[in-house]
2 protein chains.
Amino acid sequence: MKKNASLVDVARRAKVNISTVSRTINQTGKIGMDTQERVLRAMRELGYKPNRVARRLRARGSSSFLLGLIIPNIQNIFFADLARGVEDVAYRSNYAVLLCNYDEDEAKERFYLDVMQLESVDGIILPPIHEEDPAVLQVVRNGTPVVCVDRSLARGGLDKVEVDNHLGALRAVEHMIAQGHRRIGLIGGPADSSTGKERTRGYKDAHLQAGLPLKTELMRFGDFKQESGRTLAHELLGLTDPPSALFVCNGLMTAGALEAIAARGLKIPRQVGIVGFDELPLAEVFNPPLTVVRQPAYEVGKCAAELLLKRIEDRQRPTTSLKLHPELILRKSC
Amino acid sequence: MKKNASLVDVARRAKVNISTVSRTINQTGKIGMDTQERVLRAMRELGYKPNRVARRLRARGSSSFLLGLIIPNIQNIFFADLARGVEDVAYRSNYAVLLCNYDEDEAKERFYLDVMQLESVDGIILPPIHEEDPAVLQVVRNGTPVVCVDRSLARGGLDKVEVDNHLGALRAVEHMIAQGHRRIGLIGGPADSSTGKERTRGYKDAHLQAGLPLKTELMRFGDFKQESGRTLAHELLGLTDPPSALFVCNGLMTAGALEAIAARGLKIPRQVGIVGFDELPLAEVFNPPLTVVRQPAYEVGKCAAELLLKRIEDRQRPTTSLKLHPELILRKSC
DNA sequence: CCAGGCAAGGCAAACGTTTGCCCCCGCTTG
DNA sequence: CAAGCGGGGGCAAACGTTTGCCTTGCCTGG
C-alpha cells in the first residue's frame, strides 16, 4: 500500500513551499526559471502525479479532468460508437469519462445525475430522457455544463449535437417510393422522443411530397427495442393487404423486423423491401445487403465532447447546436 | 451555481457537531436515538447527499463507491455486454463505473491505470494487455483490488473470470469435423493473447482427437479486427486447395471473413462452411443463420463485479477464479 | 534619498469528509 | 464514598490540493 508522492514531498525535496510547486504545475503565478527547474526535477525524481481527487475537491468547477456521459444503453451500437467518440477527444485532453447506462429509467437517470454532481464532474453529455427533463434542468441551474446529444431539450438553451432525423427518414422513404413502393409500413419510435417524432415526420413528408395518402393501419410505434420490432413487423405483414416494404426507425427494431420476415419465409426485396435507421454490423454482408440510414454516431460523440470542452473553458460562450447529416446507404434490400 | 448542503449545514440545523452527523450516516459510533432522529430530519429537509469527492479524499481505500473498468474497445459488442454486466451489479450497490478504452495500446493502458489510482477507485476490472503486464502488477502492489476478465495474468494471484476458450473452440471444430469437413481453415487471434492461444489450442486438439493432420497453410493469425478477418479469409479461400470451412476466432474477424466470402460469391454452407467465436447481432436472421460459439459476456462482467465487490469488503479472502462455459449455437452456416 | 512598484515565493485557509482522542455525566461496584 | 466504566457526543487533525494575501528584496523614477 505505497502512497503516491504528494505536493508536500515534492516541495520538501525542492526546498520550496507547496504553493510554489502547485503554481509551477499549473503555470499560474510568477515563479523564477531556476526554481521551476528544481521543482520539475523533484517531480520527476519522485514520479509525482497530482491527486485528482484532492484537486477536484478544492478546485470546484474547473480542471477536475472528469467528464460524465449518461446514455440509455451501451449495448446499443449507436451509443457505443458515440461513447467512443466522446472518449477519444476526452483522452486527447487528459480527461477521463464516467459512463452510466440509464436504460430509459428516470430513477436511474436521476441517480446518475446526482453521482455526477457529487463527483464534481466538469461537464455532462447525455440524451435527455424526454424533452422536458426537470432533473437535467436542475443540474444546468446548478452550473454544471451540459451538452445534449441525439435528443434535445425543449428549454434550457444548451449546446447540442443532433442528427438530422427528419432528413434521414425523408431520403429513405423517398427512395422507397422511387423504387415503386406505394404501401410502406412504418415501424416508428416512441412518440415522446424527439428522434421518434422526427423520423415519423420524415416518413409522412415523403408521402405528402409524392402525393401519396397516409394510411393509419400501416403506421405502428414501438419502443426502440428488438422485441417490438419483431412484434410490429408481424402485425404489419399479417395484414390482409400488407405493405410491400417496411421503414424501421432504429437498428434494434430493424433486427426484430428481420426476424419476423425470416420467420414468415419472405424474400427480401422481392416479397418485402426494408430500410432501417442505423447501420448494423453485418448489414453489408447480409443477404441481401441492407439499405440503411447511417447515423454518424462517432462524430456526434466527438463533436459533443469538443463542445463540452470549449464550454468548460469559457462558460459565457454562445451556445451552439449542431445538426449532423445521416447518410442513406443504398444496398439491395430495397 | 447553488452549492449542495454539506455536513456543516446539516450539523448546524440539527444543532450537533459534524462528527455526530457523519457517524449517524455511516452507522459508526454510538449516537442516541433522539439525536439520530434530529439529524436524519435535518438531512431530509436540506436534501443532503454526501460529497463523494471529499469522502474519497479522506477515506482512502474504502467506500468511495467508484469502480474502474478498462477494456480494449467498447465498440466490440463482447465488451459492451461485459461492461453492462459490470454496471448492473455496481448500480445495485450504489457504485459508479469509470470506463476507459485502451485500444490494446500500452501507453493508454498505463495512463488509465494512473487515472484510476489517482481517482482512488475502490477496485479495477480489466483484461490485461498481455500475460505479463507490469503496469497492472504495480497497481496490485499498491493495494488496489484488481479482477481480471476474459484474459488473465500469469502471476499475481488475482481473482479472475474467464471463458473456457479451449472448450468453446474444441466443440466448434468437433462439430465441423462431424459435418464432414476435413480441411478446416483457422483464422486465429494474436499468439500473445491467452484467448487467442486457447482457441487455437481447441482447434488443434479437435484435429488430434479425430486423427486429422494439422496443415500449417490452413492456419492464419490476425489481430481480432475486422480487416484482418477479411484479408486472411481471402488468403485461405484463394489457395489452390482451399479449406471447405472456416473457423474464425472472434466476432469482428467473422464479419470480415463474411465480407470475403460475399465478395467471392461463395454460397454458405454449400461451398464454404463457417463457424465464428462470439455471437453477432444479426447472426440469427442472417441468410443462412450463423453457427457461432456464444460467450456469456454479460455474465463475465457480472461475476467479475461481484468478485470485486467481495474483495473490497474483505481483502484477505482467498482468490477465486471462475471459468464460464461458452455455448455452441447450432444454426445453418456449418 | 525615498516612495512606489514589481517579481518571487511563503503562509495559511478552505474544500467536505472521517476518525482518533477526549470530556462529561450518570450509574454501578466494592 | 471513591473509583471505574460506558454511553453519548464534541474537538480538531488529516486527506492533497488551490489560491488570496502577505512579505521580502530589488529596482526605478522623481
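Here the structure is a predicted model, which is why all the values come from computation and not from measurement. Chain letters run A, B, ... following the sequence lines, proteins first and then strands; every chain starts at 1.
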Salt-bridge present (B:Arg52, A:Asp114; N to O < 4.0 Å): no
Base versus backbone protein contacts along nucleotides 4-10 of chain D [heavy-atom cut-off under 4.0 Å; B, S, -]: ----SSB
Touch class at under 4.0 angstrom, heavy-atom based, for B:Ser22 against every strand present: base
d(CG, A:Asn4; P, D:dG16) in whole Å: 9 Å
Carboxylate-amine/guanidinium contact A:Arg151 A:Glu162, below 4.0 Å: no
For atom CZ of A:Arg56 and atom C1' of D:dT17, their distance in whole Å: 12 Å
Separation of C:dT18 P from B:Ile25 CD1 (nearest whole Å): 6 Å
salt_bridge(A:Glu306, A:Lys302) N-O dist < 4.0 Å: yes
Between C:dG9 (P) and A:Arg12 (CZ): distance, integer Å: 20 Å
Pairwise salt bridge (charged side-chain N to carboxylate O under 4.0 Å, His left out) hits with a residue in residues 18-34 of chain A, at least two apart: none
Pair A:Lys310 + A:Asp314, salt bridge at N-O below 4.0 Å: no
Close aromatic pair by centroid cut-off 6.0 Å: A:Tyr112 and A:Tyr102: no
Parallel, tilted or perpendicular: rings of A:Tyr95 and A:Phe65 (30°, 60°): tilted
Separation of C:dG10 P from A:Leu7 CG (nearest whole Å): 13 Å
Carboxylate-amine/guanidinium contact B:Arg12 B:Asp9, below 4.0 Å: yes
B:Asn51 vs C:dC15: side-chain N/O to OP1/OP2 distance below 4.0 Å: no
Bending between helix ends of the helix from C:dC1-D:dG30 to C:dG30-D:dC1 [5 pairs per end, 10° resolution]: 60°
Check: B:Arg58 side chain, C:dT17 base, donor-acceptor under 3.5 Å: no
Atom pair distance, as rounded to whole Å: NZ in B:Lys49 and P in C:dT17: 12 Å
Salt bridge flag under 4.0 Å for residues A:Arg110 and A:Glu106: yes
Separation of atom CD in B:Glu119 from atom P in D:dG16, rounded to whole Å: 15 Å
d(CG, B:Leu57; P, C:dT17) in whole Å: 12 Å
